[in-house]
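Since the structure comes first, as structure tokens, the remarks are kept for the end.
Ligands are counted one by one from 1 in listed order, and the atoms in each one are counted from 1 as well. What you see is a predicted model; the values in this text were computed from it and never measured.
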Amino acid sequence: MTLPDHIKAEAARLRTEIERHNRLYYVLDAPEVSDAEYDALLRRLVEIEEAHPALRTPDSPTQRVGAVPAEQFAPVRHTIPMLSLANAMDPEEALAFDARVKRFLETEEEIVYVAEPKLDGLSVELVYEEGVLTVGSTRGDGVTGEDVTANLRTVKSIPLRLSPVAKAMGDESPVPRRLEVRGEVLITRDDFERLNESRDAEGEEPFANPRNAAAGSLRQLDPAVTASRPLDGFFYAIGQVEEDSYPDNQWELLDWLKGLGLKINPLCRRCSGIEEALDFYRYLLGKREEIPYEIDGMVVKVDRFDLRGKLGNTARSPRWAIAAKFPPEQARTVVEEITVQVGRTGKVTPVAHLSPVRVGGVMVSRATLHNQDEVARKDVRIGDTVVIQRAGDVIPEVVEVIPDRRPEGSQAWSMPAKCPVCDAGIIRVEGEAAHRCSNMACPAQVKTRIFHFASRGAMDIEGLGRKTVSQLVDLGKVSLPSDLAALSKEDVLELELFADKSAENFVKAIEEAKGSRTADRLLFGLGIPMVGQVGAKLLMARFKTFEELSGATEEQMLDIHGIGPEIAGQVVSFFAEPVNLAEAEKLWETFRPQQVAGAVKDDLAGKTFVLTGALEGYTRDEAKAAIEKLGGKVTGSVSKRTDYVVAGADPGSKLAKAEELGIKVLGEDEFVEMLGENK
Ligand code: IVH
């Protein structure tokens, strides 16, 4: 069928019009039409494309969510590696950075810098070919990322097609033949709170912070899920560019990117000399709470690209830029109550319930108190005014008590003698910091065990949040993880908050976990004490079937590099219990896990690391991820069981402790060497 010209023309006109409104709304924050008018345009375009599918082009605004769910993300090698930034922990270090730059460039003149907020999101790279978005990837390890093109296409502030905007001067930037552009994907604080509220209402586990929410949303196998999340972003750098001429400095680059329709951060400043950059640092710090998204510092970049070329890079970060970090966000509030939470292994953790307080823009009403010894050491009491802190990805914690604000007659807190959930005794095992509920059938334990089984690192069953699990257990629908397999839509419809469609999806999510998850996930999901994701991988790489695993002796397990007597002992005694063996057998039969390939690097596998101080080339999370990828484990405190302490700049008391215990300390270089080419 030939297409009438007027239809073609209308589709083209609608596309241009919709793209223009997209940009006005999502990139420039200056909409010209109402939502209803915009929707009408989009609906008309959908209508035309449905009638004439030949008109449907991949860069059409109707095609943001077109792709089907992926099995896994394909690797994408970045043409130019995506480096990390070295950190400056205080203004002095920023001055030292400036001095270094001058020394290197053999100049005494002030350097022109561009200072930008350091966005606490997820870095991504987009590739535009002839102006059309073709590939979008995550940073990954810097060299190879994951192909998340379909997901990035759903982000409304990311243009599917670059289109030059006429500038004030009248000239337009030509669209480059090929452009690799880099930036950060994030979720604003308001959107984050709304997202968590709706997750909470649906019984799903809330995200810990906006960064995790953005990461979780971008790394979804089903782009439709990503499309439903409020992702946003800013662009601030380029990779390889194929075009005859483009800017030769950062300040004009930002303007150029903006001119192509990419969203850039308006809070950037061109500074003559480091002092001006530090003024801007103080300004941003003061404004931090008003900024609608999270920033964890400021990035200072040498403006001129030719100077950047002279400065070059170290192994992991450019010499021409530094991240001046902000201190962790703290706030004062009152402890209204201290309760205890019972985990899946019965571990009882004290939790402070706080008068809700905004810490760096996120409402916090609970903070962990870790264990009885910690409560005693800080002497936290009900009624106390405390300083709480939220840094990066960690759960908020109580830093200290303000002694003069303590109300009269307050009493030191102590661990209750009985479990608040099942009334069984709370015990403390010799040598452990934790207290535990002694009753295996304690509903709190049962619920947490099922929740753990379904969690992301284990069987990854979407929609099985705490509330849903809690109702399923209370209604007697499940008491063991294996009971999940037999749940019907009718069972689920008895729960609050489930309607026809959501109940169907829920049952479907359980079905999907069958036959599609690896055996180490299932083993981890059993919740055997001491068996984490890494231990589970090591075990399942060695024992290929359930029979081999459940029949293995302690000696056989100890043969595996990385499995110590504690894990081996726990696994053997777990399977020695007939109830556990039967349950595990049933889970293996119904969920039919896939065999695990053995691929963990030997000298790191099973080793325990503690990180202290700031590393130049890695954030805490990156270092942790790199260690875990190779089969190692990262813990928070130094003990006899620690194998290595990795010490960066400004190490804390952990370094002293390591020296005291004679534990091997690695500098950053040694650490990088150990990670080797596996980085
Ligand atoms: S420039 C080679 N600018 O920080 C440095 N990075 O530690 C190129 N980041 O992975 C990055 N805001 O995810 C740059 N305004 C900004 C940034 C920024 C956040 C992140 C980025 C990068 C990490 C480096």
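- Taking the ring centre of Tyr644 as origin, the terminal cationic atom of Lys664 falls outside the region bounded by 6.0 Å and 45° from the ring axis.
- At least one N/O-N/O distance between Pro117 and ligand 1 falls below 3.5 Å.
- Near Lys301, the atoms of ligand 1 lying under 4.0 angstrom from a non-hydrogen atom of the residue are 1 (S), 3 (N), 14 (C), 16 (C).
- Using a cut-off of 4.0 Å between Lys/Arg side-chain N and Asp/Glu carboxylate O, Glu329 and Arg288 are scored as salt-bridged.
- For Glu19 and Arg23, the salt-bridge test fails: no basic side-chain N is under 4.0 Å from an acidic carboxylate O.
- Near Pro318, with a cut-off below 4.0 Å to any heavy atom, the atoms of ligand 1 are 2 (C).
- Among residues two or more places apart in sequence or in another chain, the ring pair (Phe, Tyr, Trp, His ring centres under 6.0 Å) test is passed with Tyr25 by none.
- A cation-pi arrangement is not found for Arg178 relative to Tyr128, the charged atom failing to lie both closer than 6.0 Å to the ring centre and inside a 45° cone about the ring normal.
- By the criterion of a heavy-atom distance under 4.0 Å, the side chain of Val299, and not its backbone, is placed next to ligand 1.
- Ligand 1 has no N or O atom lying under 3.5 Å from any N or O atom of Ala237, backbone or side chain.
- Considering only non-hydrogen protein atoms, atom 12 (N) of ligand 1 sits nearest to Leu119 N, 3.0 Å.
- Both the backbone and the side chain of Lys118 come within 4.0 Å of ligand 1, judged by heavy-atom distances.
- The aromatic ring centroids of Tyr293 and Phe192 lie 6.0 Å or more from each other.
- Of all the atoms in ligand 1, the ones that sit under 4.0 Å from a non-hydrogen atom of Arg139 are 10 (O).
- Glu184 OE1, 3.7 Å is the protein heavy atom nearest to atom 20 (C) of ligand 1.
- Nearest to atom 15 (N) of ligand 1 among the protein's heavy atoms is Glu116 OE1, 2.8 Å.
- Checked for salt-bridge contact, Arg177 and Glu130 miss the test: no charged N lies under 4.0 Å from a carboxylate O.
- Listed here is the closest heavy atom pair of Met298 and Leu284: CG-CD1, 3.9 Å.
- Note on Asp248 versus Arg304: no salt bridge recorded, every NZ/NE/NH1/NH2 to OD/OE distance being 4.0 Å or above.
- Residue Leu122 has no nitrogen or oxygen atom sitting less than 3.5 Å from a nitrogen or oxygen atom of ligand 1, judged on distance alone.
- In this structure, atom 5 (C) of ligand 1 lies nearest to the protein heavy atom Leu85 CD2, 3.5 Å.
- Arg182 does not count as a contact of ligand 1, since none of its heavy atoms falls under 4.0 Å from the ligand.
- There is a side-chain donor-acceptor pair under 3.5 Å between Thr149 and Asp147.
- Residue Trp320 has no nitrogen or oxygen atom sitting less than 3.5 Å from a nitrogen or oxygen atom of ligand 1, judged on distance alone.
- Distance from atom 14 (C) of ligand 1 to its nearest protein heavy atom, with residue and atom name: Tyr236 CE1, 3.2 Å.
- Regarding atom 10 (O) of ligand 1, its nearest protein heavy-atom neighbour is Ser123 OG, 3.4 Å.
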